[in-house]
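What follows is one structure encoded as structure tokens, with my remarks underneath.
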Amino acid sequence: MSRRTHANTSAAMAGTREAGIAAVLRALPEPALVVEPDGRIVLSNPAAAARLGAGAAPGGLLTALCPDEDPETGARLRTYLDRCAGSHAALPGAVALRGADGATVRFRCSGALLEPAAPDGSRRARLLLRLLPGRGDRRFSLLARQLRELKAEIRERRRIQAVLEDALREREVLVRELHHRVKNSLHMLVGMLGAARRDTASADAKAVLAEVEHRLSAVGRVHQMLYGEGSLVGVRGDELVKALCPAVLRALGADPQRLSVEAAPIEVPNDVAVPLALILNELLTNALKHGHGPGGPPGGVRVRLAALGGAGFELAVEDDGPGFDPAMAVGRRASGLGLVRGLARQLGGSFRVERGRAGEGDAADAGEEGGTGARCVVRFEGRR
Amino acid sequence: MEGPPVPQVASADVPLERDVFLRRLLRELAGTLEEVVGVEEASGYISVVGAAMGEHIDAAYRRALAVERLSREQVAAVLVDLKRRIQGDFFVIEETEDRIVLGNRACPFGEFVRGRPSLCMMTSNVFGHIAAQNLGYAAVWLERTIARGDPECRIVIHLRPTADVAPDTREYFRRDGRNA
């Protein structure tokens with residue numbers, strides 16, 4: 001191949017390479033230029049022309065676009081370009097240039113060696129310089145500002161949370177203290193009623209005072225449970241039943257062997273716990289007093305607390321006595337059942353008396369002597 | 001009544017002095033960069049600093065040795081010596097016309113370099129710049145690095161362009177320096 005042909009081939013290859021680089025530049029959305037290490041512009045894309053104006057045209061000097069007010073800017077740009085000429089790996093940097101409108105714009109940039117200088121010094125190195133749009137910086141500062149705002153909000157929320165947690169702890173202490181004081185006050189009232197019962201000679205007065213004593217004791221038992229370690233919004237139904245039943249047995253002097261308890265571990269809210277304790281007190285007292293035939297030995301009493309579907313529950317107290325018709329009840333028994341009925345109605349529940357286990361089977365067998373048993377059932381729907 | 005002795009702040013056993021402080025600072029700085037912009041872009045920032053450090057060190061050795069350009073033997077010696085001066089433990093494994101292979105048993109950043117691969121761009125750029133400025137061309141391959149968890153570093157510096165290089169090899173070229 002002659003020297004002339006070789007020269008022609010090399011020139012054609014260089015032209016093709018340059019056209020390829022120009023095509024890549026045009027495809028880039030950000031301003032991009034091919035420059036020499038001293039800042040001489042070899043190629044520039046339309047985005048560069050739009051952003052930097054006529055100063056970005058090939059043949060011009062990029063350093064001529066550096067703002068006049070800071071003479072060091074041009075020197076820094078030349079140093080950066082020189083370093084970029086040392087490696088194909090892109091180096092990040094920053095540059096301030098005058099835009100098409102004359103205003104100074106600060107760009108982040110990325111520069112990398114495109115073609116090294118010719119060993120014989122006939123051609124200088126060429127670099128690809130991409131000017132990353134200012135929008136990125138603005139967006140970054142917006143993100144940074146949002147992050148600062150979010151951090152401030154998180155700090156404020158944490159502060160509020162700490163204040164609320166303090167307030168909640170204080171409230172819990174106060175509520176427990178309140179329950180404690182109520183329980184002490186009730187205990188004091190019970191003591192006063194007991195003293196009054198012992199002082200009176202009237203049997204009727206003794207009985208009435210004893211009933212009130214037992215009811216207040218039952219309410220006090222609930223408050224005692226509420227100021228303990230558990231939840232402040234309710235008590236465990238099984239614990240309430242198991243605490244209250246022995247107290248009623250003791251108060252009436254009844255044999256503990258008569259009683260059997262089956263209670264599910266259900267949560268009973270505060271507003272239900274006190275009426276429930278009163279109801280259990282009444283029904284259990286009633287069953288222990290009347291749960292045997294005339295002249296017969298005291299019968300057994302069964303207490304059952306069970307969960308129902310739909311967040312309801314049922315309390316049943318059953319005895320082996322003769323059974324009774326609530327409509328026919330008289331005296332304090334009637335007043336006790338009235339209290340139960342009233343409390344159940346107050347909480348949206350129901351109360352019924354049915355035949356107990358002792359009365360199941362042939363009704364004819366359940367004479368006055370044998371007894372039929374009574375089963376008192378209080379049912380609350382949706383109160384757990 | 002005498003209580004227990006109160007520890008003196010100035011004599012407290014705290015592992016802190018200027019060198020440790022600066023190395024930890026670089027570790028945290030590199031870690032922050034790697035987290036915020038990613039290892040690749042963080043490596044770019046370290047490369048900018050590495051290129052500047054390479055210029056200073058290259059100029060200092062050439063001035064001290066009173067030579068316009070360092071020979072290949074001098075380049076290899078300088079690379080080992082500059083690391084020795086900053087408490088690295090580099091040594092020449094192989095030196096030919098085509099390449100210089102260096103090993104290293106101790107990183108100047110010490111234990112602080114572990115998990116910070118972007119800091120290796122300091123070595124790549126300093127070595128690459130010095131080799132390329134003096135010998136015309138360098139392609140640096142960080143074959144093994146303590147930063148990435150290897151027990152020792154192994155660095156291959158190709159002195160002639162070749163197609164047979166690892167993909168993560170970085171090429172360096174002589175700059176005419178007319179701008180600087």
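Because only heavy atoms are used, hydrogens play no part in the values below, and waters and symmetry mates are left out as well, while side chains stay in. Letters go in sequence order (proteins before strands), and every chain restarts at 1.
- For A:A125, no part lies under 4.5 angstrom from a heavy atom of chain B.
- Both the backbone and the side chain of A:A85 come within less than 4.5 Å of a heavy atom of chain B.
- Between B:E28 and B:R23 there is no salt bridge, since none of the side-chain N atoms of the basic residue sits less than 4.0 Å from a carboxylate O of the acidic one.
- The most heavy-atom pairs under 4.5 Å with chain A, out of B:G54, B:A52, B:A139, come from B:A52.
- Checked against the 6.0 Å centroid threshold, B:Y172 and B:Y137 do not count as a close aromatic pair.
- Here A:Y227 and A:H179 keep their ring centres 6.0 angstrom or further from each other.
- Residues B:E95 and B:R72 are paired through a salt bridge, judged by an N-O separation under 4.0 Å between the basic side chain and the carboxylate.
- With a 4.5 Å cut-off on non-hydrogen atoms, B:A138 does not touch chain A at all.
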